[in-house]
Amino acid sequence: MRGKFSCNRFPDATRSASNNGNTIPLFVALFLHIRYHPTITMTDNKPQQQDESQLVAARRAKMGRWIDDYGVYPWGNREDNLSSLEDARAVFDQSAHDAFKENSENDARPRVKVAGRCVQHRAMGKLTFLVIRDDSGDLQISCSKSAMPIEQFKVASKLDYGDIVVAEGAMGMTNKGEICVWADSFGLACKSLAPPPEKFHGLSDAELRYRQRYVDMYTSDDTIKTFKTRSRIVSTIRSFMHDEGYVEVETPMMQPVAGGAAAKPFETHHNALGIPLFLRIAPELYLKRLLVGGMRKVFEINRNFRNEGVSRKHNPEFTMLESYQAFGDCETMLELTEEMIRSAANAVGDASSMQFGDHVIDYAKPFDRVGYGEVFEQAVGCSMHDEAAIRAKAKELGFGDADSKNHWLLVSDLFDGYAEPMLNPSRPTFVTDFPSAISPLTRPHENEETLSHRWELFVGDMEIANAYTELNDPDLQLQRFTEQMQGADDEVNAFRSLDDDFIHALRVGMPPAGGLGLGIDRLVMLLTGMESIRDVILFPLMRPQEQTDEADA
RNA sequence: GCCCUGUUAGCUCAGUUGGCAGAGCAGCUGACUCUUAAUCAGCGGGUCGCAGGUUCGAGUCCUGCACAGGGCACCA
């Protein structure tokens, strides 16, 4: 099979016939040919092609020459039996290489066929070295003029950065000890017409990296690594949940009532039904209905949408794991969470020491635990139950609404502003026993109704997870929702309406349960050492760029 | 929404007190059979983010706008 792919001008007839039932007629070939020479065909036509960057024009011109002079088809074809660059490197055989060095008649070196994008290119007359890259790594391709057809060598020696190639040959080594493919067959698989970034620094402009992630991915090797790690984390969590007996489900992302959290939703509209819909801010109320229906353990890993600003820790769409276990409680979910994070950390590194910013975080040791009220008192200097002291403190700290705002909302503000930052970022910490007043979906303590069976997990200055013993008393739940709606200001309230059907479901009867929400993006940040959420989301939200050629009416 | 910083060649970046727009990489032409960000010789490449203003003169100073990064606010 060696040397099978190649320099054919166009795909052969059988191949294209199998694709679409047509062979490629001459006029199509001519059409393609014309398109390859915009600078020639449009010389006297000023428009777009003329001001196309010289670099793009140079690439088009080179492609045109290859087509004319060497019969190259610049868009490639199916290739079977390709090795990943990592696998190809692994089959290198030192003894076969040594034997070949001693006597070139004796060539037992393994052969490989590989493909990748050119990221380095060094042509030295009759010898050309280039480095190609795929998602498994880099590999040098060495091309000797004497080892392959002359047209193939000419393409190799004039190759542009960014071109995608297929090469076939023996896995060997250079005199300088670089493991490489000594190609005896070399072909273009896709011409890259866009000028690439600087080959040493790559794309360092953050905006370009996010807007043109496809360039960032092949330019900076950390990018693909990060997203492969993300994939491994998610699949580890998924199989962990499956092993624990949880059933994975998908619930609506478009909801008539956006419930389960207090965030502002995105609004959309269903044309045929003529109804407004909201993108979900949480799947919670649907997942709990499944417990009502009889599922004992469920989870969903998917997107939530919250109409808020962006920051290093926030993207308007983000991925959450939510899970519910019938006959569990918040303690059940705490144990589950700790074990799950530990196994995810171990799947991608050493759980006992994961670097995140300036911190080395140990997920192997039991996580810390501290009561909400306890942290609060340490940070603020008074009990969270002491309303007068809270109001005084809030006033002292310059809160404008210190007199009017609900006591527990003040407590929550003070906690977020002063207590949360006191938590040790390098210690995963469960903050337990949140105030009931700010936990409307949570069961209160039996003997202390101001506290609830709820915890949040903080790591690296971020809230990672949130769990409760679920409130399943329908009358109390209805009361909480009602209070919540009355308490909200007009802006927030505009999006809130009571989910009557959820209350009905609770009346049908939901078993006692523990529930958990875990931010996947933030967990991935922690486990990959990325301090911006945009670096763990493939296509983070960006404002569209202004149109340059604006035709205003 | 607010504050700070940034925006100069395809990319990475310099640009002095306001006085002719610079480098490296990439590109083009040539040399080179063991390179490693190859090297050497030569050549081309600019709406200095956009729009105004001050000035004899603006990449540089001022105002507004756009986008980005960081911070704040929002996010129970």
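When reading the values below, keep in mind they use all heavy atoms of this one structure, side chains included, and skip hydrogens, waters and symmetry mates. The chains referred to below are lettered A, B, ... by the order of the sequence lines, with proteins before strands, and numbering in each begins at 1.
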Could you tell me if the ring centre of His385(A) sits under 6.0 Å from that of Trp408(A)?
yes

With respect to the phosphate group of rC75(B), does any side-chain polar atom (N or O) of Arg522(A) fall under 4.0 Å of OP1 or OP2?
no

Starting from C1' on rA76(B), measure out to OH on Tyr372(A) and report it in whole angstrom.
9 Å

Quick one: Ile533(A) CD1 to rC75(B) P, roughly how many Å, whole number?
17 Å

It should be established whether Gln120(A) places a side-chain nitrogen or oxygen under 4.0 Å from OP1 or OP2 of nucleotide rA38(B).
yes

Within the structure shown, what part of the strands sits under 4.0 Å from Arg312(A) by heavy-atom distance: base, sugar-phosphate, or nothing?
sugar-phosphate

If you check the Ser532(A) side chain, which of rG70(B), rC28(B), rC34(B) turns out closest?
rG70(B)

May I ask you to say what Arg543(A) touches in the nucleic acid, namely base, sugar-phosphate or nothing, with a heavy-atom cut-off under 4.0 Å?
sugar-phosphate

Residue Pro195(A), side-chain heavy atoms: nucleotide from rG27(B), rG10(B), rU33(B) that is nearest
rG10(B)

Using a 4.0 Å heavy-atom cut-off across all strands, classify Arg209(A) as base, sugar-phosphate, or nothing.
nothing

Does rU39(B) pair with anything, Watson-Crick or G-U wobble, both distances under 3.5 Å, and if so, with which nucleotide?
rA31(B)

With heavy atoms under 4.0 Å as the rule, sort Ser412(A) into base, sugar-phosphate or nothing.
sugar-phosphate

Ignoring backbone atoms, test whether Ser204(A) places a side-chain nitrogen or oxygen under 4.0 Å from the OP1 or OP2 oxygen of rU12(B).
yes

Testing the basics here: between Val155(A) and Tyr70(A), what is the closest heavy-atom pair and its distance to 0.1 Å?
CG2-CD1, 3.9 Å

Using purine N1 to pyrimidine N3 plus N6-O4 or O6-N4 for Watson-Crick, or N1-O2 and O6-N3 for G-U wobble, each under 3.5 Å, what pairs with rG1(B)?
rC72(B)

Quick one: label Glu198(A) by what it contacts on the DNA or RNA (base, sugar-phosphate, nothing), any heavy atom closer than 4.0 Å.
base

Atom CZ of Phe318(A) and atom P of rC74(B): how far apart are they, to the nearest Å?
18 Å

For rG64(B), which nucleotide is its Watson-Crick or G-U wobble mate, given both distances must be under 3.5 Å?
rC50(B)

Can you tell me the base-pairing partner of rA14(B)? Count Watson-Crick or G-U wobble geometry only, both distances below 3.5 Å, and say none if there is no partner.
none

Is it true that, when you exclude Lys62(A) itself, more than 12 heavy atoms of the residues, nucleotides or ligands shown sit nearer than 6.0 Å to its NZ?
yes

Closest to side chain of Ser144(A), choosing from rG69(B), rU33(B), rC67(B)
rU33(B)

Looking at rC28(B), rC34(B), rU29(B), which one has an atom nearest to any side-chain atom of Lys158(A)?
rU29(B)

Of the nucleotides rG70(B), rU12(B), rU33(B), which has the atom closest to the Lys126(A) side chain?
rU33(B)

Looking at Lys288(A), Arg454(A), Arg443(A), which hits salt bridge (charged side-chain N to carboxylate O under 4.0 Å, His left out) with Glu470(A)?
Lys288(A)

When rounded to whole Å, the CG to C1' distance for the pair Asn175(A) and rU36(B) reads 14 Å

Just wondering, do Arg280(A) and Asn302(A) contact through their side chains at under 4.5 Å, heavy atoms?
yes

Reckon Lys145(A) has a side-chain N or O less than 4.0 Å from the OP1 or OP2 of rU33(B)?
no

Could you check, using the six-membered ring where one of them is a Trp, whether Phe415(A) and Phe376(A) have ring centers closer than 6.0 angstrom?
no

Among rC28(B), rA68(B), rG10(B), which is the nearest nucleotide to the side chain of Leu55(A)?
rG10(B)

Base, sugar-phosphate, or nothing: which does Ala123(A) touch, judged by heavy atoms less than 4.0 Å apart?
base

Phe100(A) six-ring face occupied by Arg109(A) cation (under 6.0 Å, within 45°):
yes

Rounded to the nearest 0.5 Å, how far apart are CD of Glu374(A) and CG of Asp433(A)?
10.0 Å

Write down the distance between CG (Leu471(A)) and C1' (rA76(B)), rounded to a whole number of angstrom.
15 Å

From CD of Gln212(A) across to C1' of rC11(B) the rounded distance in Å is 11 Å

Would you say Lys62(A) places a side-chain N or O within less than 4.0 Å of OP1 or OP2 belonging to rC28(B)?
yes

Indicate, with a heavy-atom threshold strictly under 4.0 Å, whether Arg480(A) touches base, sugar-phosphate, or nothing.
nothing

What nucleic acid atoms does Ser146(A) come within less than 4.0 Å of, heavy atoms only: base, sugar-phosphate, or nothing?
base

Regarding Pro440(A), tell me which of base, sugar-phosphate or nothing describes its non-hydrogen contacts under 4.0 Å with the strands shown.
base

Between the side-chain atoms of His314(A) and the base atoms of rC75(B), is any donor-acceptor pair under 3.5 Å?
yes

Can you tell which of rC74(B), rA76(B), rA37(B) lies closest to the side chain of Arg122(A)?
rA37(B)

So which nucleotide from rC34(B), rC74(B), rG69(B) ends up closest to the side chain of Glu308(A)?
rC74(B)

Under 4.0 Å between any heavy atoms, over every strand shown, what does Phe434(A) touch: base, sugar-phosphate, or nothing? Just pick one.
nothing

Checking contacts here: which listed nucleotide (rC75(B), rU36(B), rU33(B)) is nearest the side-chain heavy atoms of Gln140(A)?
rU36(B)

Nearest to the side chain of Gln54(A), heavy atoms from C-beta on, is which of rC34(B), rG45(B), rA37(B)?
rG45(B)

Distance in angstrom units between Arg211(A) CZ and rU7(B) P, rounded:
17 Å

Interatomic distance at P, rU60(B) relative to rC48(B), whole Å
10 Å

